[in-house]
Amino acid sequence: MSETSSQLPSPNRLIHEPARLAILTVLASCAAADFVFLQGVTGLSKGNLSVQLTNLEQAGLVMITKEIIDKKTRTTVQLTQQGTEDVEQYWRTMDEIRARMAGTEKREGEPSSQFGTNPRTQPA
Amino acid sequence: MGQIVNEVDTRSRLDPDRIKYIAQSFAWPRGLYWVAYTAWFAAFRFGRVYWKDSEGVGWNAVWDLASIAVPFFVSIIWIPKYYTRRFGVFRPKPGPMPNPWTTKQKLLFFLILGCYYLLGITLDHLTHSTIDPVLLLSPFFLLAVVLVDPWKKLRSMPEITLVVVSAILLALVALVPLWVPDAVRAQAFWRALYAATPAVIGGLTIGLFDHITLTRLIPKLPAEDDQ
């Protein structure tokens, strides 16, 4: 087990954090979404969402646009090309880890893996 | 992924089915739009039958105009505003959305549809009752459609309750001739209700069913003072 674990690929730490992963997963399912929508779907507080979006923007994974509509600021967020590729890569890495862990568990006769599944490869 | 829980703010789960459902719900008019469209259809059908038997001829035109105008303005002004205020803005990806229905579910749906009509026609030939057999079977059809729902996993008690209540109401409407003899033939109100019932089955229930699921999956967040 320890031998297998040492060979496991490392997922992107920036994406792997639960709050950022939630944001990126939602953004991967649409062309763009605004702050209110992201907050509703992810359940993050305004402050936390704001901080995470800034981190993701600084890393070049998302693009944030602000516009004034009906005297209110609407913050729209979308994945950049790099963001789309990194999220895809992240899920490929997670699939690989899960496949390896499942292989190891099968050999050792242990129950199924605790890792999640890639939403992009799951049937609807 | 269903097991990955957001540990930072625990108000929401990162469930892929939930995100797929939400993405699909915002990709085309659903939920309240269906309610508005079918309310128009139901009102229109109701007016066609009911006002035809009424004394005031002008009411027919007024009713027709109102039954079109009200849902039209509601669906182009109020509903988009409400969705933006309640859920925020979601711009769907260009191109077709993936179909959530599996081949098995599609086949099952058409099988149910076929059986429903065949059974309705057979009952109509065999019985001489004033009860409309197709209408009588509609509650079962409604329940069967929900059983093949591709998003069954996401539904909860409020949605199931809505469908069961709708099914009971439909059954009661279908059975009206039993306790009010010749009601459907003699009384305009019951004839109109019969005529509008397919819209209730097709749109109002399913639209509300979808809307309740959506509001449950995207809960209203408590007001915060930090921004």
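The shown structure was predicted, so the numbers you read here are calculated from the model rather than taken from an experiment. Chain letters run A, B, ... following the sequence lines, proteins first, then strands; residues in each count from 1.
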**Report entry** Residue B/Y82 excluded, over 12 heavy atoms near OH under 6.0 Å
**Finding:** yes

Query raised in the report: Hey, are the side chains of A/V41 and B/R18 touching, using non-hydrogen atoms and a 4.5 Å cut-off?
Result: yes

Query raised in the report: Counting heavy atoms not belonging to B/K81, are there more than 12 under 6.0 Å from its NZ?
Result: no

Query raised in the report: Which pair of non-hydrogen atoms, one from B/K93 and one from A/A28, has the smallest distance, and what is that distance?
Result: NZ-O, 2.6 Å

Query - Separation of A/F37 CZ from B/I22 CD1 (nearest 0.5 Å) - result: 5.5 Å

Report summary line: Minimal heavy-atom distance between B/P92 and A/A31, with the atoms involved, is O-CB, 3.5 Å

Report summary line: Closest heavy-atom pair, B/T84 versus A/R74, reported as atoms and distance to 0.1 Å, is CG2-NH2, 3.5 Å

Query raised in the report: Of all of B/F87, B/Y21, B/F90, B/F26, which one pairs up most often with chain A through heavy atoms under 4.5 Å apart?
Result: B/F90

Report task. List the steps, then state whether side-chain contact (heavy atoms from CB on, under 4.5 Å) holds for A/V36 with B/R85. Result -> CA-CA 8 Å; A/V36 177; B/R85 196 176 63 243; over 6 Å; no

Query raised in the report: To the nearest 0.5 Å, how far apart are CG in A/D34 and CZ in B/R91?
Result: 8.0 Å

Report summary line: For B/I19 and A/S29 the tightest heavy-atom approach is CG2-OG, 3.7 Å

